[in-house]
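I have placed the structure first, in the form of structure tokens, so that the comments after it can refer back to it.
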Number of protein chains: 2
Amino acid sequence: MHKHATFLPSLSLRIDLAMDARIGPGKIELLEAIEACGSISAAGRAIDMSYKRAWDLVDEINHICGRKAVDRKIGGKSGGGSVLTPFGVSLVSRYRKIERIAARAVRQDLLQLQSDIEPVKKSRAGKRTSF
Amino acid sequence: MHKHATFLPSLSLRIDLAMDARIGPGKIELLEAIEACGSISAAGRAIDMSYKRAWDLVDEINHICGRKAVDRKIGGKSGGGSVLTPFGVSLVSRYRKIERIAARAVRQDLLQLQSDIEPVKKSRAGKRTSF
């Protein structure tokens, strides 16, 4: 959900908690969609992710963290949905905080990187370099 | 090339320069391997990447940046190799600098995230959560 209409460079962060235990923008976006939609299936549809992949990722997140970030919704008239646990909410919030801190810290270097690239890009618009 | 024997959380950064124009750890690792190995094919082998994928990624990097990060090696007795251009060297260097700055900035939050996760993980060692 971080599309840019303008071409300001931005960061996506993947947090490597351990070997093969990664939390990145895809998992966080899924958790946010579950919070917004109230079910894993609806969240998957909302972010154009297959039913199976959404469920697999939720299982992976719960496994990586050793505790549930997503749980079944108990009661309520709709039933059968899922919600973020308090831990899930804090995980999303902490990831987004880390993202903001990192983005602020590297802002000048990202702009410098952009300026290294853009002047040449503009003068060769659309031309693919190859060799 | 950032494997961790211990389980300190770490960051991997993807820089989104524009829509579908991304520089991340895979491309940077490939550039570093080209610098070390002196050819795209040898670099691919060194980081367990197929010949085709390595060449495709180099083409994509050059395209994204609008200028060559990798170029043919001119002369030399081996011939046929590739080198990073001065721009390619600066791209790798800037990416690694951004990575260091971001890692330093978010260190405390990463440790906090780890402490949110680990106590529970230890008490359920090896048990996969599901629902």
Side-chain angles (χ1 to χ4, degrees), chain A residues 2-4 6-19 21-25 58-59 62-68 70-72 82 87 90-91 94-95 97-99 101-106 108-110 112-114 116-125 127-131, chain B residues 2-4 6-19 21-25 58-59 62-68 70-72 82 87 90-91 94-95 97-99 101-106 108-110 112-114 116-125 127-131:
Chain A
H2 279 262
K3 301 283 180 276
H4 293 271
T6 58
F7 286 65
L8 289 174
S10 65
L11 282 188
S12 297
L13 303 186
R14 194 186 69 196
I15 300 172
D16 298 300
L17 292 165
M19 195 69 77
R22 295 164 178 163
I23 299 284
V58 165
D59 195 37
N62 287 344
H63 176 60
I64 285 172
C65 298
R67 58 201 296 189
K68 287 185 181 175
V70 179
D71 209 353
R72 281 184 178 153
S82 293
F87 166 70
S90 80
L91 177 64
R94 189 172 297 281
Y95 176 90
K97 181 185 172 198
I98 288 172
E99 193 174 52
I101 291 171
R104 204 178 308 135
V106 306
Q108 283 307 315
D109 279 278
L110 283 184
Q112 189 63 51
L113 177 61
Q114 188 180 37
D116 286 352
I117 289 170
E118 286 236 319
V120 180
K121 195 169 189 178
K122 278 173 186 160
S123 71
R124 297 184 189 178
K127 187 178 171 188
R128 183 158 183 136
T129 60
S130 61
F131 57 110
Chain B
H2 280 260
K3 301 282 179 272
H4 293 272
T6 58
F7 286 62
L8 288 175
S10 65
L11 281 188
S12 296
L13 302 186
R14 196 186 68 197
I15 301 172
D16 297 300
L17 293 164
M19 195 70 76
R22 295 164 178 162
I23 299 285
V58 165
D59 196 36
N62 287 343
H63 176 60
I64 285 172
C65 298
R67 58 201 295 189
K68 288 184 180 175
V70 179
D71 209 353
R72 281 184 178 153
S82 292
F87 166 71
S90 80
L91 177 64
R94 190 171 296 280
Y95 176 90
K97 181 186 172 196
I98 287 171
E99 193 174 52
I101 292 171
R104 205 178 307 136
V106 306
Q108 283 307 314
D109 280 279
L110 283 183
Q112 189 63 50
L113 177 62
Q114 188 180 37
D116 286 353
I117 289 170
E118 286 236 320
V120 180
K121 194 169 189 177
K122 277 173 187 160
S123 71
R124 297 185 187 178
K127 185 178 172 188
R128 184 160 183 136
T129 61
S130 61
F131 58 110

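It should be emphasised that the depicted structure is a prediction, and the values quoted were computed from it without experimental measurement. Here is how names work: the chains are called A, B, and so on, in the same order as the sequence lines, proteins then strands, and each is numbered from 1.
With contacts defined as side-chain heavy-atom distances shorter than 4.5 Å, the pair Leu11(A)/Ile15(B) qualifies.
Shown here for Ile101(A) and Ala105(B), the closest heavy-atom pair between the two residues is CG2-O, 3.5 Å. In plain terms, the two heavy atoms of Ile117(A) and Cys65(B) that are nearest each other are CG2-O, 3.3 Å.
With a 4.5 angstrom heavy-atom cutoff, Leu110(A) touches chain B via backbone and side-chain atoms both.
Remark: Ser10(A) OG to Arg14(B) CZ distance equals 8.0 Å, nearest 0.5 Å. If you take CG on Asp116(B) and CZ on Arg94(A), they are separated by 5.0 Å, rounding to the nearest 0.5 Å.
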key: Steps toward side-chain contact (heavy atoms from CB on, under 4.5 Å) verdict (Leu113(B), Tyr95(A))   = CA-CA 9 Å; Leu113(B) 177 62; Tyr95(A) 176 90; over 6 Å; no
